[in-house]
Amino acid sequence: MLESLPIVNQPLDHPLLEEKGIELAIKRLDLVHPLVSGNKFFKLKYNLEKAISGGFDKILTFGGAYSNHIYATAEAAKAANLKSIGIIRGEKVAPLNPTLAHAESLGMDLDFVDRSTYRLKEEASFLENLVEKFGAFYLIPEGGTNELAIKGTSEILELGDNSYSHIATCIGTGGTFAGLIQSLSKKQQLLGFSALKGVFIHEEIKELLKNHQISSVGDFRIFDQFHFGGYGKYNQELIDFIWWFFENFGIVLDPIYTGKMMAGIWKLIAQDFFPSGSKILAIHSGGLQGNIGFTARTGIKLPSLST
Ligand SMILES: *Cc1c(COP(=O)(O)O)cnc(C)c1O
């Protein structure tokens, strides 16, 4: 139902890589589908199938006002002929920001809840109220991570990707990381770059892997020092890096996830973290829709044309 376009691993060419004896390629999940971008394509795919086979006519999910997940869910639901409801954290601000305006234009029903109520979103009484209000729906959690999402993200790596020594991905809820772990091959190491501030992420990923009984023949490591101040935070260094990367490689990154990961990878390369001969595959998890809202919110221009 959601059909993937062919995905390319785009090799990067740069004197630093040559000097260090390292190959670096970007898996362009930002180009996986004309409307549903990046890792969200994989996370939503089986959930939509399940919604349809379960006889639901609508899906409901949660997110912040600039959420890639909300945007992708609105697109995917429309493509699958399902209605969608987005429960949005915080007060409604008029006019809607570009992310929410787009979701609404696709037919997503937006429902705003204040932050303290939003925190209760997993509680039975809150969900019961939603059923009363909207009727029966297929529920996808905030960030989209559940069993079927992980099944989807375990399909990101393809057979040919066995030749890479390192796979790198961003971490938000960890659903993408978990699927990738499952599909590693022996001698591969998965590197996760947390977009959130705090060491809690190590414990959270451990829990996630335990809850979903995920094991791996490969190895993994999580970096918690490339958050640039925390989730959604940024500084000039990050913005400069995103522009530098675009000017050198023609690839657009975002300041919430992929920009932070690539800045981290680049630093690690410069610091000789990777042995000479390493072959790194960095997952571009998409999410570029957010760049428009970021510019609207901060006045900071970002590259926006993905080539
Ligand atoms: C949602 C998102 C992530 C985080 O994915 P998780 O599976 O929640 O860890 C990473 N990158 C981009 C671009 C995203 O939109």
Side-chain angles (χ1 to χ4, degrees), residues 26-33 35-47 61-76 86 99 102-103 140-157 167-183 190-196 198 200-202 204-209 211-212 214 220 222-224 226-228 231-232 234 238 242 245 251-265 282-294 302 304 306:
I26 310 289
K27 190 181 267 304
R28 299 293 303 272
L29 298 192
D30 53 322
L31 306 176
V32 64
H33 186 275
L35 301 170
V36 187
S37 166
N39 60 347
K40 301 303 186 286
F41 173 94
F42 292 88
K43 295 177 81 168
L44 287 166
K45 190 174 136 185
Y46 290 113
N47 276 297
T61 194
F62 305 90
Y66 294 90
S67 163
N68 291 332
H69 169 64
I70 288 290
Y71 188 101
T73 302
E75 287 283 9
T99 301
H102 186 77
I140 300 179
E142 179 182 42
T145 290
N146 60 13
E147 191 76 31
L148 289 175
I150 294 172
K151 179 179 174 192
T153 56
S154 74
E155 294 177 0
I156 290 174
L157 291 180
I167 311 291
T169 187
C170 312
I171 297 181
T173 60
T176 307
F177 189 82
L180 287 167
I181 278 199
Q182 233 171 352
S183 57
L190 178 63
L191 307 178
F193 292 80
S194 179
L196 296 88
F200 75 94
I201 196 71
H202 301 277
E204 190 158 293
I205 294 291
K206 226 195 216 160
E207 278 295 299
L208 183 69
L209 298 181
N211 291 341
H212 293 276
I214 291 170
F220 71 86
I222 295 168
F223 296 95
D224 61 27
F226 300 113
H227 54 72
F228 290 85
Y231 186 76
Y234 60 94
L238 177 65
I242 290 172
F245 196 83
I251 298 174
V252 180
L253 303 172
D254 78 276
I256 315 295
Y257 291 107
T258 56
K260 293 180 178 181
M261 170 187 72
M262 279 314 309
I265 292 174
I283 311 288
H284 191 315
S285 41
L288 298 176
Q289 66 85 21
N291 283 13
I292 301 164
F294 181 84
L302 290 171
S304 58
S306 217

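In what follows, residues are counted from 1 in the order of the sequence shown. Counting convention: from 1, in listed order, for ligands and their atoms alike.
The six-membered or imidazole ring of Phe294 lies near that of Tyr234, with a centre-to-centre distance under 6.0 Å. The ring of Phe177 has its center closer than 6.0 angstrom to the ring center of Phe220.
Inspection of the Glu75 and His33 side chains reveals no N or O donor paired with an N or O acceptor under 3.5 Å. For the 3.5 Å distance criterion, the side chains of Asn39 and Ser285 fail to qualify, holding no donor opposite an acceptor.
The only option from Leu29, Ile26, Thr153 that meets the side chain to side chain contact (heavy atoms under 4.5 Å, CB included) definition with Ile283 turns out to be Leu29.
Residues meeting the salt bridge (charged side-chain N to carboxylate O under 4.0 Å, His left out) test with Lys45, sequence neighbours left out: Glu155.
Listed by chain and residue number, the protein contacts of ligand 1 are Asn39, Lys40, Lys43, Asn68, Cys170, Ile171, Gly172, Thr173, Gly174, Gly175, Thr176, Tyr257, Ser285, Gly286, Gly287 (heavy atom within 4.0 angstrom).
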